[in-house]
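A short worksheet on the structure shown next.
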Amino acid sequence: MAEILSGTNLAQTIRAELKEKTEEMKKQGTVPGLAVILVGEDPASKVYVRNKTKACEEIGFYHEQYNLPASISEAEILDLVDTLNHSEKIHGILIQAPLPKGLDFKNIINHIDPDKDVDAFHPYNVGQIMIGDFEFLPCTPAGVMELIHSSGVSVEGKNCVVVGRSNIVGKPQAMLLLKENGTVTVCHSRTPNLADYTRNADILVSAVGKAELITGDMIKPGAVVIDVGMNRNEEGKLVGDVDFATAEPVVGYITPVPGGVGPMTITMLMKNTLRAAQKWAKKKNL
Ligand code: NDP
């Protein structure tokens with residue numbers, strides 16, 4: 001029988017640990033602080049930002065939220081980032097993606113002090129991930145690794161297949177699996193016969209954004225299957241990339257959607273913020 005890897009439960013455990021560590025830090029005089037910048041009125045982004053500030057409150061972080069109009073200029077956002085880069089109260093800065101048209105996400109990210117880049121999107125941090133010497137792990141792939149670890153299955157020597165090659169999930173995911181000595185294959189929209197690859201995967205991570213793309217017949221019996229996808233199916237229900245009904249009887253371990261990778265992503269953001277605050281305190285000899 002398949003074991004369900006619950007991101008909700010794992011996130012709760014990790015958040016409790018982060019809360020404890022935050023209380024210890026506060027006793028030493030540092031309150032970890034996160035700034036979240038939301039530009040425009042995208043409803044999904046508003047929900048993500050609300051969940052991030054809620055998580056800050058739960059763990060005990062200081063937080064600032066900036067709701068900026070879509071008409072704001074890039075120069076004004078860069079000014080704000082500069083101010084936050086120099087703020088003693090803020091240790092992590094997050095720009096909620098996507099930005100409205102006309103604003104260059106990459107340029108704004110490049111402006112964040114890499115020590116405060118808790119999403120790990122700055123080219124410096126991306127490079128660190130590439131060479132396997134990282135301070136911050138990108139949040140979603142880091143959450144996926146925690147879920148894999150929670151299964152007790154070691155990545156070392158396993159055939160790992162990542163479906164999707166985006167800069168925020170697929171590519172860094174491949175690096176993290178490689179760092180743990182997996183043999184990694186990355187598939188994408190130009191991969192012919194996807195099933196030929198997925199059927200060989202001991203560990204399968206799907207980050208595509210296509211409802212029920214991966215069906216049970218495409219999965220190796222006993223595999224660890226991590227479903228990053230978040231899609232609405234024809235009935236408007238939130239589903240992953242993996243067709244849970246046909247996959248569950250085949251897999252060894254599987255994450256549900258919702259309640260799998262989603263809760264872990266924000267938790268990893270919190271972990272990065274705490275790490276950023278610890279680094280800052282060390283620099284200040286606190
Ligand atoms: P992107 O759209 O940036 O990337 C999707 C990737 O899937 C691309 O590399 C694309 O290939 C590939 N792809 C598209 N169609 C196919 C196909 N038929 N077969 C194989 N590969 C295909 O998406 P993201 O990486 O940002 O997100 C992926 C999914 O994960 C989305 O559903 C998103 O909502 C979800 N997500 C969930 C998070 C969470 O916390 N749970 C966090 C982040 C994302 P190509 O490069 O060739 O175009």
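Treat the numbers as computed from the prediction; the structure is a model and nothing was measured. Whatever order the structure lists ligands and atoms in, that order sets their numbers, starting from 1.
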Original post:
Is the shortest side-chain N to carboxylate O distance from Lys271 to Glu146 below 4.0 Å?
Top reply: yes
**OP:** Run the numbers for me: atoms of ligand 1, each under 4.0 Å from some heavy atom of Val163, listed by number.
**Re:** 20 (C), 21 (N)
**OP:** Enumerate the atoms of ligand 1 whose separation from the nearest heavy atom of Gly164 is less than 4.0 angstrom.
**Re:** 6 (C), 7 (O), 9 (O)
Original post:
For ligand 1, which part of Val208 has a heavy atom less than 4.0 Å away: the side chain, the backbone, both, or neither?
Top reply: both
Original post:
So, the side chain of His122 versus the backbone of Pro114: is there a donor-acceptor pair under 3.5 Å, distance only?
Top reply: no
Original post:
Which bit of Met264 gets closer than 4.0 Å to ligand 1, counting heavy atoms only: side chain, backbone, both or neither?
Top reply: neither
Subject >> Heavy atom of the protein closest to atom 35 (C) of ligand 1 (residue, atom name, distance) >> reply: Val228 O, 3.5 Å
Subject >> Nearest neighbour in protein (non-hydrogen) for atom 1 (P) of ligand 1 >> reply: Ser166 CB, 4.0 Å
Original post:
Can you list the ligand 1 atoms lying under 4.0 Å from a non-hydrogen atom of Asn231?
Top reply: 32 (O)
Original post:
Taking atom types as modelled, is there a side-chain donor on Glu180 or His149 under 3.5 Å from an acceptor on the other?
Top reply: yes
Subject >> Heteroatom proximity flag, Arg165 to ligand 1, N/O under 3.5 Å >> reply: yes
Subject >> Nearest-contact summary for atom 18 (N) of ligand 1 - protein heavy atom, Å >> reply: Leu213 CD1, 3.9 Å
Subject >> Nearest-neighbour protein heavy atom for atom 20 (C) of ligand 1, which is reported as residue plus atom name and distance >> reply: His188 O, 3.3 Å
**OP:** Compute the shortest N/O to N/O distance between Met230 and ligand 1 and return yes if it is under 3.5 Å, no if not.
**Re:** yes
Subject >> Option among Thr265, Val205, Leu269 that satisfies the side-chain contact (heavy atoms from CB on, under 4.5 Å) test with Thr140 >> reply: Thr265
**OP:** Taking only Lys NZ, Arg NE, NH1 and NH2, and the carboxylate oxygens of Asp or Glu, determine whether Lys46 and Glu41 approach each other closer than 4.0 Å.
**Re:** yes
**OP:** Distance to 0.1 Å, residue and atom name: give those for the protein heavy atom nearest to atom 15 (N) of ligand 1.
**Re:** Lys210 NZ, 3.2 Å
Original post:
Evaluating non-hydrogen atoms only, which member of Val169, Val239, Ile214 is closest to atom 27 (O) of ligand 1?
Top reply: Val169
Original post:
When Ile93 is tested against each of Asn85, Val118, Val36, Ile108 for side-chain contact (heavy atoms from CB on, under 4.5 Å), which residue passes?
Top reply: Asn85
Subject >> Numbered atoms and elements of ligand 1 in range of Thr265, under 4.0 angstrom, heavy atoms >> reply: 39 (C), 40 (O)
Subject >> Nearest neighbour in protein (non-hydrogen) for atom 31 (C) of ligand 1 >> reply: Gly209 CA, 3.7 Å
Subject >> Any Gly262 heavy atom less than 4.0 Å from ligand 1 >> reply: yes
Original post:
Would Glu64 and Lys89 pass as an ion pair if we require N to O under 4.0 Å?
Top reply: no
Original post:
Going by the order shown, which atoms of ligand 1 are within less than 4.0 Å of some heavy atom of Ile168?
Top reply: 26 (O)
Original post:
Is the closest side-chain donor-acceptor distance between Asn200 and Asn159 under 3.5 Å?
Top reply: no
**OP:** Using only heavy-atom distances, determine whether the side chains of Asn233 and Lys237 contain a donor-acceptor pair under 3.5 Å.
**Re:** no
**OP:** Give the residue and atom name of whichever protein heavy atom lies nearest to atom 47 (O) of ligand 1, and the separation in Å to one decimal.
**Re:** Ser189 OG, 2.6 Å
Subject >> Salt-bridge present (Lys279, Glu135; N to O < 4.0 Å) >> reply: yes
Subject >> Thr246 versus Thr215, side-chain donor and acceptor atoms under 3.5 Å >> reply: no
Subject >> ligand 1 N/O within reach of Arg190 N/O, cut-off under 3.5 Å >> reply: no
**OP:** Just do the side-chain contact (heavy atoms from CB on, under 4.5 Å) check on Asp119 and Ile109 with the steps written out, would you?
**Re:** CA-CA 10 Å; Asp119 256 338; Ile109 292 296; over 6 Å; no
**OP:** Select one of side chain, backbone, both or neither to describe which atoms of Thr191 lie under 4.0 Å from any atom of ligand 1, heavy atoms only.
**Re:** neither
Subject >> Subset of ligand 1 atoms that lie under 4.0 Å from at least one heavy atom of Thr140 >> reply: 40 (O), 42 (C), 43 (C)
Original post:
Counting only N and O atoms by type, is there a donor-acceptor contact under 3.5 Å from the side chain of Thr83 to the main-chain atoms of Asp79?
Top reply: yes
